[in-house]
Amino acid sequence: MTASSKAAITARLADARRRTLGLVEQLDDEQLNRVYSPILSPLAWDLGHIANFEELWLVQTIGEQEPLDGELGHFYDAIENPRRTRGELPILRDAELRSYMADVRERALAVLETVEIGSDVEDPLLREGFVYEMLLAHELQHQETMLQLLEMLDDYEAPWPMGTVPATASGMLRIEAGAYEIGATDNGFAYDNERPRHEVELAAFEIDRTPVSNGAYAEFMEVSGGEAPMYWGREGGEWVSTAMGRRQPLAPDHPVTHVSWDQADAYASWAGKRLPTELEWEAAAERLDSVGQVWEWTSSTFRAYDGFRAFPYREYSEVFFGDAYRVLRGGSWATHPSVARRSFRNWDLPERRQIFSGIRCARDAA
Ligand SMILES: [Fe+2]
């Protein structure tokens, strides 16, 4: 690969880091270290974990160097340390945290200068710069996790425009029965769980052109006694939502956000519809409106595609396969556009609502 593509990687890494730091610029160390919720890490953990993941892959694995601090890897391992315990760990904080992030970056860039990352390189981690794409995606994905927590802060000023926009289309889209290509091709960056690309046969179905709105969800609650999304409250007979410490009347034409899978499923049944399978979602994705506003719950549990091979580590996908997790598709307003591929599979527990999750309904075609 040419020097200019190394320069491009360097620039993209710098850009992602500017965005990460931009999110926490206005916060003091006490806010970075504070545990706001047992289901979310303190922001200092996310920051250290982003840098530690970079050290593990770009410095230790690719650069074959010893870790800067041999113990750190344990504290930043997402599987070893459930979120509720992360505030108690002896993680890096304050000035030490910032200097670790800068040290790792300096070393990672020095390693980048020494490696070959072309399309004919034998090491699959380096081929087409895979490991650098993975690192970029990882940091960008953590920004969304950090935003889940930043929403809980009392006086957070969003550093750039944030939130959903109103949906414009209405009605349902008919998708004809037939064979559809699902998953990522062998070329370009994708996670292991998106591969291999394969064909599936689908029966004809219909899918909503837009995600379910706040207004429609409020009607469902009033008629059926359904449960309110996270951050909703009543004020003088009206529904309001609270984010970043500000209470605002609900915008009826924006997509409903912060609903659990159970709520999404209950809404779909009430509306005489159902959640789409993730295969239906992907088959329809090219023609869908308003994708990228909210993560859209599907009826599918998170499973390996036939022929799945874990790469580059089992803990990204494989350990989560099974019945416990439901797949979400599409991406939210907080998801960086480069992460939100059509084949990208997100997953979470069915009761979770701190994520930017919404609903799009489907039904069998008549
Ligand atoms: Fe991570």
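What you are looking at is a predicted structure, and each value in this text was computed from that prediction instead of being measured. One-based numbering, in listed order, for ligands and for the atoms of each. Sequence positions, counted from 1, serve as the residue numbers for this chain.
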Mind checking whether Trp239 and Trp232 have parallel, tilted or perpendicular rings, split at 30° and 60°?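 Rings of Trp239 and Trp232: tilted, 30 to 60°.
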Do any protein N, O or S atoms sit under 2.8 Å from the Fe ion (ligand 1), and which ones are they?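 Listed by chain and number, the atoms are His49 NE2, His138 NE2, His142 NE2.
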Heavy-atom distance under 4.5 Å between the side chains of Glu280 and Ile207, does that happen here? no
I'd like to know if Glu113 pairs up with Lys6 as an ion pair, taking the criterion as any Lys NZ or Arg NE/NH1/NH2 lying under 4.0 Å from an Asp or Glu carboxylate oxygen.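 Answer for the salt bridge query: no.
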Electrostatic pair Asp15:Arg12 at N-O distance under 4.0 angstrom: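 No, this pair does not count.
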Aromatic Phe311 / basic Arg195 pairing, under 6.0 angstrom, 45° off normal: no
Is it true that the side chains of Glu278 and Ser300 contain a donor and an acceptor less than 3.5 Å apart? no
